[in-house]
Amino acid sequence: MGVNLTEKWERDVRGVRVIDGFLSTAEQVAIVEDVRAVARMAPFIRPMTPRGRPLSVRMTSAGALGWVTDQKGYRYEVRHPSGEPWPPIPVRVRAVWDAVVPTARPPESCLVNWYGPDAKMGMHVDRDEADPAQPVVSISLGDDALFRIGNPERGGKTESLWLRSGDVLVMEGPARLLHHGVDRIAPGTSTLLDAPGRINLTLRVVT
DNA sequence: CAGTGTCG
DNA sequence: TCGA
């Protein structure tokens with residue numbers, strides 16, 4: 001199944017590209033099935049901050065490297081905590097990267113964040129990658145999420161936007177290093193998933 | 001190293 | 001929302 005290149009609407013928020021409705025419903029369904037296959041090989045875990053607080057999201061990865069956090073700190077690892085390597089990035093997910101950032105290097109990591117109805121993600125900067133000149137691509141699936149974009153430093157004025165299932169967000173250029181996070185999920189706004197919640201896929205070049 | 005969390 |  002190809003990536004839908006029509007019927008999309010692109011916005012710009014502080015240099016962050018938001019492509020509304022990038023994925024058709026059929027593409028979203030197919031990618032959710034891909035995520036289920038990834039999770040069978042690399043089960044979702046509840047990550048902990050280095051200080052021992054649980055994150056509210058469940059997390060797994062695909063690709064050569066997966067982002068992990070635990071008592072040892074934030075880092076990329078070549079294996080799931082089980083000791084198994086991460087499964088490959090699904091072809092249809094990779095196709096989204098190729099379509100929206102065609103000149104970038106290939107993605108090395110696809111972080112899978114599963115937000116339950118009450119899950120959030122605090123404001124942070126993606127700073128564990130060696131080359132921040134490479135973009136970050138984020139795919140939203142399931143319930144709507146209130147996404148907040150801030151500044152290069154902590155604090156200051158922020159802008160919020162709702163991300164809906166099938167939207168694709170690109171952080172590149174100066175926007176690559178902006179603070180961002182998810183304030184809340186709106187349960188029941190999508191029927192894509194079996195249960196209330198949201199799945200976000202984040203594609204990155206790591207090395 | 002860690003605030004990718006929690007509180008007011 | 002945003003500072004601690």
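If you're wondering where the values come from, they're calculated on a predicted model, not measured in any experiment. Letters go in sequence order (proteins before strands), and every chain restarts at 1.
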Engineer: Which residues, if any, of residues 54-71 of chain A bring a heavy atom under 4.0 Å of DNA chain B?
Structural biologist: A/Leu55, A/Trp67
Engineer: Mind checking the CZ-CH2 spacing from A/Phe147 to A/Trp162? Nearest 0.5 Å is all I need.
Structural biologist: 13.5 Å
Engineer: Classify A/Gly156 by what it touches in the nucleic acid, base, sugar-phosphate, or nothing, heavy-atom distance under 4.0 Å.
Structural biologist: sugar-phosphate
Engineer: Do the charged groups of A/Asp126 and A/Arg204 touch, with an N to O distance under 4.0 Å?
Structural biologist: yes
Engineer: Nearest-Å distance, CZ (A/Arg148) to C1' (B/dT4)?
Structural biologist: 13 Å
Engineer: Quick check: closest heavy atoms across A/Arg46 and A/Leu55, and the distance to 0.1 Å?
Structural biologist: CD-O, 2.7 Å
Engineer: Where the side chain of A/Lys157 is defined as all heavy atoms beyond and including C-beta, which of C/dC2, B/dG3, C/dT1 is the nearest nucleotide?
Structural biologist: C/dC2
Engineer: Can we say A/Asp144 and A/Arg184 salt-bridge, meaning some charged N sits less than 4.0 Å from an Asp/Glu carboxylate O?
Structural biologist: no
Engineer: Have a look at A/Gly73 and say if it touches a base, only the backbone sugar-phosphate, or nothing, with a 4.0 Å heavy-atom cut-off.
Structural biologist: base
Engineer: Rounded to the nearest angstrom, tell me the gap between atom CE in A/Met121 and atom C1' in B/dA2.
Structural biologist: 14 Å
Engineer: Using the test ring pair (Phe, Tyr, Trp, His ring centres under 6.0 Å), find all partners of A/His179 that sit at least two apart in sequence or belong to another chain.
Structural biologist: none
Engineer: If you look at every strand shown and take non-hydrogen atoms under 4.0 Å, does A/Asp183 touch a base, only sugar-phosphate, or nothing?
Structural biologist: sugar-phosphate
Engineer: Taking A/Glu27 first and then A/Arg92, would you say they form a salt bridge - that is, a charged N and a carboxylate O separated by under 4.0 Å?
Structural biologist: no
Engineer: Please report, rounded to the nearest Å, how far the P atom of B/dC7 is from the CZ atom of A/Arg51.
Structural biologist: 16 Å
Engineer: Closest to the A/Arg53 side chain: C/dT1, B/dT6, B/dA2?
Structural biologist: B/dT6
Engineer: Could you give the CG-to-P distance, from A/Asp128 to B/dT4, as a whole number of Å?
Structural biologist: 9 Å
Engineer: Which helical stems does DNA chain B take part in, if a stem means at least 3 consecutive Watson-Crick or G-U pairs with both distances below 3.5 Å?
Structural biologist: B:6-8 with C:2-4
Engineer: When rounded to the nearest 0.5 angstrom, what distance separates CD1 in A/Ile45 from CH2 in A/Trp114?
Structural biologist: 13.0 Å
Engineer: Using whole Å, report how far NE2 of A/His124 lies from C1' of B/dC1.
Structural biologist: 16 Å
Engineer: When you measure from the side-chain N and O atoms of A/Arg154 to the phosphate of B/dG3, is any distance below 4.0 Å, counting only OP1 and OP2?
Structural biologist: no
Engineer: Under 4.0 Å from OP1 or OP2 of C/dC2: is there any side-chain N or O of A/Thr158 that close?
Structural biologist: yes
Engineer: Closer than 4.0 angstrom, basic N to acidic O: yes or no for A/Arg198 and A/Asp143?
Structural biologist: no
Engineer: Whole angstrom is fine here: how far is it from CZ in A/Arg184 over to C1' in B/dT6?
Structural biologist: 18 Å
Engineer: Go through the steps to decide whether A/Glu129 and A/Arg176 satisfy the test salt bridge (Lys or Arg N to Asp or Glu O under 4.0 Å), and finish with yes or no.
Structural biologist: CA-CA 11 Å; A/Glu129 301 77 34; A/Arg176 169 70 175 71; 2.9 Å; yes
